[in-house]
Amino acid sequence: MSDSNNHSPMFDYQPALPISNGKTFMWLFLSTEIMFFAALIGTYIVLRFGALSWPSTHDVHLAEIWGAVNTFVLICSSVTVVLALEAAKKNNPSSAKGWMLLTLVLGTVFLGIKMFEYRAKFSHGLYPQSPHSQIYEKPDVYYAQAVRMRLLDLKKSLLEKTERTEAEEERIALIDKISLDWVEPAEKAIRKKPDSPEGRKLLFMLSDKIYPRASIHDHRAGANHAAAAGPTFTLASTAGDSASSAHPVGLNDQHPWLRLPIMIPGGNMWVSTYFLLTGFHALHVIVGLIAFAILLKMTLGPAKAGLIENIGLYWHFVDLVWIFLFPLLYLF
Amino acid sequence: MSTVTVDAHSDDHAEHAHASGFLRTYVFSLDHKVIGLQFLFSTLIWFFIGGMLALGIRWQLAYPWAPMPILGNLVGAAEGGQIAPENYTMLVTMHATVMIFFVIIPVLAGAFGNFLIPLMIGADDMAVPTLNMLSYWFMWPAFLLIGGSFFVEGGAAQGGWTAYPPLSVFASQGQTLWLLGVTFVGISSMMGSINYMTTIIQMRAPGMTMFRLPMTIWAMFITAILQAFALPVLTAAGFMQVADRLLGTGFFLSDGATANNMAMASGGGQPLLWQHLFWFYSHPAVYIMILPAMGMVSDILSCFARKPLFGYKPMVYSISGIAGLGFIVWGHHMFVSGMNPMLGMSFMVATMMIALPSAIKTFNWLGTLWGGKIEYTTPMLFAISFVSMFIIGGLSGIFMAATPTDIFIHDTYFIVAHFHYVLFSGTAMAVFGAIYFWYPKMFGRMMNDSWGKVHFFLTFILLNCVFYPMHILGMQGFPRRLADPYQYETFQNLLPLNQFMSVCAFLLVGIQIIFVINFFGSMFFGPKAGRNPWRSNGLEWQAPSPPGHGNFDFQPIIYRGPYEYSSPEVEEDYYPQTQPPPEKAEESSV
Amino acid sequence: MKHFWTFLFLLVPIGGVATFMVAPYFNIWLPKDVSEHGQTIDNLFMFILYLTGAVFIATQFVLIYCSWKYNGETSKEPVSFSHGSHALEIVWTILPAVTLLFIAIYQMEAWADIKMRPPDLKPIVEVTGRQFNWDFRYPGPDNELYTEDDIVRTDGKLYLPYDETVVLRITSADVLHSFFLPNLRIKQDVVPGMEQIMWFKATEKGEFDIVCAELCGWGHYKMKGRVYFVDRDEFEAKLEEMRQDKEYHASRHRRG
Amino acid sequence: MSIQDEKSLQHDDHEGHGSTSLYVSVFIALCCLTSLSFLTYFDFWRNTVPVGFSRAFMLAVSCIKALLVITFFMHLKWEANWKWMLTVPASLMAIFLMAVLVPDIGLRMQHASYERMIYAAEVPADEDTAHDTDGHDDKAHSPSDKAEH
Ligand code: HEA
Ligand code: HEA
Ligand code: CUA
Ligand SMILES: [Cu+2]
């Protein structure tokens, strides 16, 4: 991976490429990395565009702005690496070190933002599958049941307290209201006549009340929502989408402490691919940061230029991957 | 080149020279030769284990549900030595896993690749020795994970070596260990292959142009490329399957998936996705498993036919062709998997075309023998048998490449026959030959040739008895991976034939004792080999046997290709690559 | 025995061919074919067998000839110092290329017939693979699947009319299986989440094995079924009988 | 031979390709391109530009950015012909892999079984004709099973 691993050669060789072994090695390594990310990104693309439904960024609390900022941060760090290399070549170790330090800081900032984004997902229960996941792909009896259980849990813990504040009393009232007005009618209807259209509609409305974001994408041709909905039923999200960019507000947004199960068609696949892609990218960032930290311990003169160049190549590649991940994950 | 590596540590050299500690010399050695031998010994031990697992399979097929003597306890059968059905699938899975990931791939790329590449191109070591060492030590987590998986609850992986989801996603704990193990093998191969490529591109001795490289090196080079491009895809797919198993993602599970009558909430994926990603690696992998063998066979054939390799350049182009085409044929494993039939058709055409470079290679080997002066040494016998057997294995590939016939023979013993002919009768026999051939270089002593011939004779006869009948089993539709195929009326008449094959399989493993004794005995009692016992041209034979630190005691300079046997220019029937042409002879002395 | 090894290698083509010659006498051969398209597959198989057989024999004999003629112990001829021949290379590139292309194109039609040109018929039965059983669902009198009058059988017995093209809808309830009818030269993996159709025409009455040919768990080996080809009338009668059979009457639910 | 190689190596190393000003201008170009992604924030863009075009546009922007990084930051502009050998095959293969996945996985809903479709989370229509017999979705969700305990 780096020239420092090279031993002193004993013989004359006739290299085929006019570059050092380290650089050859790095470029070969990068071409394998292309294949690695091709598999991951390819998976994402086919799974996503073949899916019947896919959440929009708002459904899953993905803010484009942070993706863009992160893109910017990585681009900056790419520049600083290049400048560090230039400085090292010009035999200016202290300036090289400065640029390198800046790169390290930028990389850390990237990871920080990424962590912040992950936290936002986790706090809304957007995990792949159980046990923490709050995602339900469709509103059915199990969904209603899960909502009821969550409400019961919340209520129980509130009731256990001997001294309740005003706010807590209000919470209890709200819980009762949700149970009575939304959960119970839906569950009753569906119990009375399994799978009746009325029951299913009530369930759907329950989920829409809690989390009115299950927006419909145009590639969801097969689902044919709008037609089925007819005049009697309008999704809050569709209404909101066309009129303005304001996010529709549901119970979970109004009262974050509720953390009720949420219905996001295609949600599980979304979390799967999102964490897969960004996770492996973040791992690569971490490896890069470790490399920078090691570099920082050295005197970054011309003797180290080859090493800096190789690690820089790797870092640019990590940047490249993000350049593609950003539109694919945030803008599409 | 010395000017390129400006920053070589000055103390590095000293460290090399005074490598005195046992650990440094034999365990964590940076020397490519030691690493190669480490790979060789590890793979031989796993070869034995894989053979034992095969015997478990054969026992069950010959005597279904009969308690298995002795071996029963070894291969993890139930009480009483009987093989439970789930243990049978476990045997099959682990047999293939061990043979492919722990034997064939590491013995070719790891053992011979490591040992031969620097020696044959005139380098003192690999480009990055540290990573080379790590590539061996990354095998150990894999050894431990997969070896250990036999002892976890539920036993080792049982999803077949192809690990098709959803079954493998729902399978017991052993499957996770399997996936992690395979990932470690992958990391090891990655490090190795990038290292090999760098070494071959950058560290050839002066005069060693690309078209003077021995076929072995060409094959190793192309193999490394195959590995480098194909493996990352398997690694990615492996991680996805691990995530499906542990994190509840749903890459390979369709919506509404159920397992063991339990519903899975995750979903949205597609089981076929795994098959595509898996075969994107594993089809190139079958060429990873044969190209180095082909390369080594080419060297051996040319050496003992005392004749230049026929059609050197076409050989090189055909290996490259195999590699290129190898990437676009993976779908032939999926003809009946539910894949889009249009895709199937295009994969079929590509698969047919990949037989072409193999044909060119085969004919060139025959051309090499034609008009030679064949010396029937043990390595040569193995090499000739490789050609003979590879033709059988390759031709059966044509049946399967034809999509309509594959509908019938897919997942029958016809396939099993095909790949044992290319893998065992092909690659494994070539590996035996290569061991006999390069043993003098590895250990400085010769192996016993007479016992070698006995070993060859018995192995050759027995392996054909074991694997050839599988063709006609497959023709009758006898399915693979079936613990008790005699459940089906259609297949009941095949029991006696299976018993015959099983007996031969037991003998086949049994007579390997000849090889084991010869191998270890010759290390101490074999006659000392000089530098060049086979009168071979290859650069490696100009180095001392065994080569010391730095490989060569002179600066190798190459004047010609490695196959100038019986050249009219010189008296002897060989003409080493380093021997200066007659007119220059006075100028330099070797 | 200077030519010992030549004789050993001679055993390969002899044994190889002999095995295929004697196998039919031991009743080990392509199983009886009772389907229309099966004949195409068998012909193709035999065609490739003869073709590769010829290549096999030819190449083995060249090998044997070399090993006999150019044996270092006996051969007096000097080694022919040659690095290859351009003309030969071209010949043995083009010849196999043409052969292979021929096989490739020759079979496309068969493949398209079997997999790509579905007849315009409604599925006569839906086959569902599940660990470790084959379930069959007949549409019943209204000829629509998933209606009240569906007939669901879980006893692994499939009744089909012979001498007419039938369309099967196949799918899986849990993991991969493969619906393999050796006597009809039919094999198709069933994939959960995916519905596929296949079609064939049986030419004979009788009962045959249904084999599961894709590893599906510990019970893979015992996941067998039987298919019965009967007259159309008999088939109708059988359906009626099954419909009366309360024990097996369709549960209302799709996946039982 | 090796002498010659060394010469070319040194040549390579001392050639002053790229200057700080060049890198800075590339950087500015990259920033501008990145800011194009904010277009999606404008109602005008979202309401008038078709999704397909918008996606193609965003991807094109990414490709340009990637090219800039590769040619200038990764110095490929100044490298010899080996750069093609090392990058083109991998890229082609990557694209091929993705393309082949499309018919089977990208279009998987064309063969979707019923289990798949009930995941579509359709808003129930008033008369549910299509699925009047599909009783049990009980296999669809297990977390709720767990929630019971
Ligand atoms: C070293 C390993 C190796 C090699 C070299 C090959 C080589 C080939 N393989 Fe094989 N294959 C495997 C290992 C290998 N395979 C394994 C392990 C499996 C099973 C995996 C599993 O499911 O578990 C498999 C499965 C497999 C299948 C899938 C079958 C199925 O599951 O339904 C197919 C289908 O096309 C196939 C085809 C081929 C072809 C066409 C070649 C060609 O490259 C062969 C070319 C060679 C020749 C043709 C012979 C020499 C040529 C001549 C003498 C010239 C004249 C010939 C003609 C004109 C025809 N192989
Ligand atoms: C390289 C690969 C390889 C090799 C060498 C072998 C070797 C053997 N295989 Fe295997 N086999 C596979 C790869 C291989 N196999 C694969 C990929 C599968 C498919 C699995 C699946 O379906 O998932 C399979 C499946 C498979 C089956 C089908 C099972 C089924 O589908 O139900 C059978 C059945 O007979 C079988 C038998 C054998 C036998 C008898 C041998 C014998 O040839 C073994 C002989 C063993 C030896 C000769 C070893 C002797 C030991 C030494 C020489 C070591 C010396 C030691 C020291 C020096 C320390 N194998
Ligand atoms: Cu079902 Cu095998
Ligand atoms: Cu293959």
Side-chain angles (χ1 to χ4, degrees), chain B residues 85-86 160 164 166-167 254-255 257-259 271 306-308 310-311 314 336-338 341 345 349 352 355-356 359-360 363 366 369-376 381 388 391 395 398-399 402-405 407-408 410-411 468 472 475-477 479 481-484 487-488 490 493 566-568, chain C residues 5 9 12 19 23 27-31 41 44-45 48 52 55-56 59-60 62-63 66 70-72 75 79-81 83-84 89 92-93 96-97 100 103-104 107-108 110-111 114-116 174-176 182 185 187-189 191-194 196 209 211 213-218 221-222 224:
Chain B
E86 59 269 33
Y164 281 179
L167 182 63
S254 66
D255 319 65
T258 56
R306 315 306 302 168
K307 183 168 172 288
F310 201 84
V336 299
S337 68
M345 205 178 259
V349 177
M352 286 287 171
L356 194 55
I360 298 173
F363 294 134
L366 296 178
L369 292 179
W370 191 281
K373 218 177 176 61
I374 299 171
E375 289 171 12
Y376 288 107
L381 288 170
S388 167
I391 292 174
L395 289 176
I398 304 296
F399 291 77
T403 36
T405 41
I407 295 175
F408 179 59
H410 171 73
D411 265 337
Y468 201 83
I472 54 172
M475 233 178 125
Q476 182 156 355
R481 295 169 170 173
L482 233 49
D484 182 7
Q487 290 257 325
Y488 295 100
T490 326
N493 62 329
S566 309
S567 164
Chain C
W5 300 112
F9 290 119
V12 174
T19 309
N27 244 335
I28 308 178
W29 201 246
L30 293 167
I41 291 183
L44 191 60
F45 188 97
I48 299 179
T52 52
V55 175
F56 169 62
T59 42
Q60 295 292 339
V62 175
L63 189 76
C66 290
Y70 303 111
N71 188 339
S75 165
V79 174
S80 73
F81 182 73
H83 285 89
E89 298 291 348
W92 65 47
T93 308
L100 289 164
I103 307 179
Q107 41 148 341
M108 278 185 181
W111 174 250
I114 299 169
K115 290 272 179 187
M116 286 160 75
D174 35 42
V175 300
L176 298 178
R185 311 290 188 268
K187 186 181 285 137
Q188 179 62 57
D189 285 11
V191 183
M194 198 168 161
Q196 306 175 69
D209 273 326
V211 181
E214 181 66 64
L215 183 59
C216 53
W218 70 269
Y221 73 99
K222 66 184 180 88
K224 63 174 182 176

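The parts of B:Ala483 that come within reach of chain C are both its backbone and its side chain, each placing non-hydrogen atoms under 4.5 angstrom from that chain. For a residue to count as touching a neighbouring chain, one of its non-hydrogen atoms must lie under 4.5 Å from one of that chain's; by this rule C:Ile114 touches chain B with the side chain only. For C:Val211, the parts lying under 4.5 angstrom from a heavy atom of chain B are both the backbone and the side chain. If you measure heavy-atom distances from B:Asp484 to chain C, the contacts under 4.5 Å come from both the backbone and the side chain. For chain C, the nearby parts of B:Phe399 are the backbone and the side chain; heavy atoms of each come within less than 4.5 Å. Residue contact with chain B, scored on non-hydrogen atoms closer than 4.5 Å, involves the side chain of C:Met194 exclusively. For a residue to count as touching a neighbouring chain, one of its non-hydrogen atoms must lie under 4.5 Å from one of that chain's; by this rule C:Gln188 touches chain B with backbone and side chain alike. Contact annotation for C:Trp111: both backbone and side-chain heavy atoms come within less than 4.5 Å of a heavy atom of chain B.
Proximity of a side-chain donor or acceptor of C:Gln60 to a complementary backbone N or O of B:Ser388 within less than 3.5 Å is detected. Using a distance-only test at 3.5 Å, with no hydrogens or angles considered, a donor-acceptor pair links the side chain of C:Lys224 to the main chain of B:Gln487. Remark: the backbone N or O of C:Pro182 is not paired with any side-chain donor or acceptor of B:Gln476 at under 3.5 angstrom.
Closest approach of B:Ser566 to B:Arg306, counting heavy atoms only: OG-O, 2.6 Å. What you find for B:Asn493 and C:Ile28 is that their closest heavy atoms are ND2-CG1, 4.3 Å. The minimum heavy-atom distance between B:Leu395 and C:Thr52, with the atom names listed, is CD1-O, 3.5 Å.
Of the residues considered (C:Trp92, C:Trp29, C:Phe9, C:Trp218), C:Trp92 shows the highest number of contacts with chain B, using heavy-atom pairs under 4.5 Å. Highest contact tally toward chain B, considering only C:Cys216, C:Ser80, C:Ser75, is held by C:Ser80 [criterion: heavy-atom pairs under 4.5 Å]. Most heavy-atom pairs under 4.5 Å with chain C, from the set B:Leu366, B:Thr490, B:Ile391, B:Val336: that is B:Val336. Note: B:Ile407 leads B:Ile398, B:Leu369, B:Ile407 in heavy-atom pairs under 4.5 Å with chain C. Among B:Pro479, B:Gly160, B:Pro314, B:Gly372, the residue with the largest count of heavy-atom pairs under 4.5 Å with chain C is B:Gly372. Listed options B:Pro341, B:Gly477, B:Ala359, B:Gly311 were ranked by heavy-atom pairs under 4.5 angstrom with chain C; first place goes to B:Pro341. Ranked by heavy-atom pairs under 4.5 Å with chain C, the list B:Pro166, B:Pro404, B:Pro271, B:Pro85 is led by B:Pro404. Ranked by non-hydrogen atom pairs under 4.5 Å with chain B, the options C:Cys66, C:Ala23, C:Ala110 are led by C:Cys66.
Between B:Ile360 and C:Glu89, some side-chain heavy-atom pair lies under the 4.5 Å cut-off. Contact annotation: the side chain of B:Leu167 never approaches that of C:Glu214 to less than 4.5 Å [non-hydrogen atoms, C-beta and beyond]. The closest side-chain heavy-atom distance from B:Lys307 to C:Tyr70 is not below 4.5 Å.
With rounding to the nearest 0.5 Å, the separation of CH2 in C:Trp5 from CG in B:Leu381 is 5.0 Å.
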